[in-house]
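Please read the structure below before turning to the comments.
Chain naming here is simple, since letters A, B, ... match the order of the sequence lines and numbering starts at 1 in each. This structure is a prediction, so every number in the text was calculated from the model and none was measured.
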Number of protein chains: 2
Amino acid sequence: MLWIVYQEKSAAIYAIEVISGKWRLPIMLELSVHESMWYNEFKHHLDGISNIMLTRALQDLETNGLIQRKELAQLPRHVEYSLTAGCQQLLGVLDMINEWEGFIIRLYHP
Amino acid sequence: MLWIVYQEKSAAIYAIEVISGKWRLPIMLELSVHESMWYNEFKHHLDGISNIMLTRALQDLETNGLIQRKELAQLPRHVEYSLTAGCQQLLGVLDMINEWEGFIIRLYHP
DNA sequence: CTGTATCCAGTCCGATACTG
DNA sequence: CAGTATCGGACTGGATACAG
């Protein structure tokens with residue numbers, strides 16, 4: 001996580017760094033579809049994720065300003081997660097990759 | 001590297017996967033500036049990289065269709081690396097992130 | 001010049017169990 | 001419901017030495 005230091009740190013390198021990880025992008029993509037989700041909803045939508053991995057990913061994403069956490073004072077507890085505006089912009093850029101039909105094929109048959 | 005399987009595999013997730021790693025993006029960015037480079041040139045431009053890390057990164061990028069390797073039959077040996085067309089398109093998208101002045105700041109102060 | 005072989009340390013990922 | 005604690009195992013990064 002220090003490799004952005006001696007290269008001139010670019011926003012793109014930083015962005016790739018904070019979204020790298022097994023569950024981060026899948027979580028962000030779920031949030032981009034559902035607007036807001038609570039903890040257990042992720043467990044239903046992300047096949048195979050465990051508590052510890054979900055918690056870690058959510059905390060990392062929050063630390064890096066990609067998602068917001070909002071705890072509603074209720075019983076039973078209810079915590080709501082949603083994307084920040086910056087993250088929505090970032091996903092907008094990444095989604096351009098999806099819009100290229102055949103991107104992966106083109107990669108292998110240039 | 002298996003996490004793209006049980007999520008519906010999207011091109012964006014695949015793209016992030018193949019460019020994740022400490023040296024891959026820095027290598028690609030150098031190549032986008034210099035058109036083509038040979039092995040030792042990378043060692044001069046990428047501060048702190050070792051032979052083994054450079055070799056691994058170059059091989060991974062080639063395997064994933066992001067760079068091309070061209071060995072010129074000479075003595076001393078001379079091997080030339082360059083970006084594929086698909087990789088140039090991908091970098092074009094990522095560069096949009098750099099063009100947002102204040103992207104990182106916006107992330108933290110939404 | 002362009003790599004490969006070893007071998008080790010640090011990170012990341014995750015099953016299982018437990019908590020307020 | 002929304003997490004935390006623990007403890008491995010897998011993967012990634014890298015120093016050093018060597019090779020065609």
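Here dC13(C) presents its P atom at 14 Å from CG of L46(A), a figure rounded to the nearest Å. To the nearest angstrom, P of dA2(D) lies 8 Å from OH of Y81(A). Going from atom CZ of R56(A) over to atom P of dC12(C) covers 10 Å, rounded to whole Å. Between the CD1 atom of I19(A) and the P atom of dC12(C) there is a distance of 16 Å, rounded to whole Å. The distance from atom CG of D60(B) to atom C1' of dT12(D) is 11 Å, rounded to the nearest whole Å. Rounded to whole Å, the distance from CE on M37(B) to C1' on dT2(C) is 15 Å. Look at OH on Y39(B): it is 13 Å from C1' on dA19(D), rounded to the nearest Å. M53(B) has its CE atom 14 Å from the P atom of dT11(C), to the nearest Å.
Under the 30°/60° scheme for interplanar angles, the aromatic rings of H78(B) and W38(B) are found to be tilted.
Between dC1(D) and N40(A), a contact under 4.0 Å exists linking OP1 or OP2 to a side-chain N or O. Between R69(A) and dG3(D) there is a side-chain N or O to OP1 or OP2 distance below 4.0 Å. Contact check, Q59(B) against dG3(C): no side-chain N or O comes under 4.0 Å of OP1 or OP2.
The pair R69(A)-E71(A) counts as a salt bridge, with a side-chain nitrogen and a carboxylate oxygen less than 4.0 angstrom apart.
Between R77(A) and E41(B), the residue anchored nearer the 5' end of DNA chain C, judged by the nucleotide with its closest heavy atom, is E41(B). Residues I52(B) and W38(A) each lie close to DNA chain D; by heavy-atom proximity, the contact nearer the 5' end of the strand is made by W38(A). With the nearest nucleotide of DNA chain D identified for both S50(B) and K43(A), K43(A) has the one nearer the 5' end.
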- Given the rule in the side chain to side chain contact (heavy atoms under 4.5 Å, CB included) test, do L61(A) and I27(A) qualify, once you have shown the distances and angles that lead to the verdict? CA-CA 9 Å; L61(A) 290 172; I27(A) 285 173; 3.8 Å; yes
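Judged by distance alone, the side chains of S20(B) and S20(A) do bring a donor and an acceptor atom under 3.5 Å apart.
The shortest side-chain heavy-atom distance between E30(B) and M37(B) falls under the 4.5 Å cut-off.
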